[in-house]
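Structure first, commentary second.
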Amino acid sequence: MTTTPISLPTMRETTYDVGGRRIFAAETGDGPAVLLLHGGGPGASGVSNYARNIAELAKEYRVIVPDLPGYGRSTKGIDATDPFGDLAAGILGLLNELGLEKAHLVGNSYGGACALRLALDTPDRVGRMVLMGPGGIGTTRALPTPGLNSLLNYYGGDGPSRLKLEKFIRNHLVFNAADVPDSAIDERYRASIDPEVIAAPPLRRPSGPGAVRTLMKMDFTRDRRLARLPVPTLVLWGAQDKVNRPSGGRMLAERMPNCDLYLVANTGHWVQFERAQLFNRLCADFLAGRR
């Protein structure tokens, strides 16, 4: 497998006040605005999730990489009754703070769910959208995958540990375990044991009296608006994704009127990292309307 070496450009770092909570974002490049929304695994953050993509996309776009609410340098805590809606509201507020009437959205996993919910709620604010193995696709129609269970169980039981995180990343997140350096796991583990995160993990199983309602809201295949969503969308899904089932890609393509689907061979849940060269080319061309 060919991978792209990590080379990050100098980025401007700003923390914005969005509805009383802090949202950190780094940005670089000029051109149409593109927000890169990261996944929800333990210790995730924006720049680390897109380290192999930022420099290439910044050749053509203004690349904005936030830490989603609950992660990184942003305010911790998410509304557990409507997590995707809360994420979308935070990113919509960030667009307002940035003075952006419209932006392209790129979202992986949890960030893909955030992007899709934002597009459904306010389609006029989204130009084009690229989703990689997004969360919330058919989740009420089948039992969770072993990979998703591993992710959701990270803070349970005997609590977080580096071993638990390494097993999740190497056994479930990527197709080729050797593709992820030990240093990346170390960095994510340190972030995952932030006391504020442990006190309020941003990704957890819905529970309590409203759990069923929350679960239904978190499955986009139950949302009738999906069939009317005008936003041109490219879905990239790793054929060997062990966290979110690749069959979710077909569900979206069958329900969305302007959805292209690309199934990526020999790839797990982290398409933008595992197949960076392919992703960068497809993403840049699609956002520009070249394909």
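None of the values given here were measured: they were computed from a predicted structure.
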Is the closest basic N to carboxylate O distance between [X] and [Y] below 4.0 Å?
X	Y	result
E60	R290	yes
K59	D30	no
R73	E13	yes

[X], [atom1]: over 12 other non-hydrogen atoms inside 6.0 angstrom:
X	atom1	result
Y16	OH	yes
R222	CZ	yes
R225	CZ	yes
L143	CG	no

Taking atom types as modelled, find out whether [X] and [Y] have a side-chain donor-acceptor pair closer than 3.5 angstrom.
X	Y	result
T221	R255	no
N153	R204	no
S45	H38	no
N280	R275	no

Any chance you could measure [X], atom [atom1], to [Y], atom [atom2], to the nearest 0.5 Å?
X	Y	atom1	atom2	value
L151	K164	CG	NZ	11.0 Å
D67	S48	CG	OG	8.0 Å
L95	L100	CG	CG	6.0 Å
R128	C283	CZ	SG	11.0 Å
Y110	L203	OH	CG	5.0 Å

Using a 3.5 Å distance criterion without hydrogens, assess whether the side chain of [X] forms a donor-acceptor pair with backbone atoms of [Y].
X	Y	value
N49	L37	no
R188	P42	yes
S74	G70	no
E187	S183	no
R22	K76	no
T214	D82	no
Y71	G40	yes
Y262	L234	no
N108	G111	no
T145	L148	yes

Item to complete: May I ask you to establish whether R52 and F273 are in a cation-pi arrangement, using a distance under 6.0 Å from NZ or CZ to the six-membered ring centre and at most 45° from the ring axis?
Response: yes
Item to complete: Validate the cation-pi geometry between R117 and F220: distance from NZ or CZ to the six-membered ring centre under 6.0 Å, angle to the ring axis within 45°.
Response: no
Worksheet item: Could you go step by step and tell me if N244 and I137 meet the side-chain contact (heavy atoms from CB on, under 4.5 Å) rule?
Response: CA-CA 8 Å; N244 292 333; I137 311 301; over 6 Å; no
Practice prompt. Go through K217 and D223 one step at a time and tell me if the salt bridge (Lys or Arg N to Asp or Glu O under 4.0 Å) criterion holds.
Written response: CA-CA 8 Å; K217 280 193 291 189; D223 194 325; over 6 Å; no
Worksheet entry | G133 versus W237, closest heavy-atom pair with distance | CA-CE2, 3.5 Å
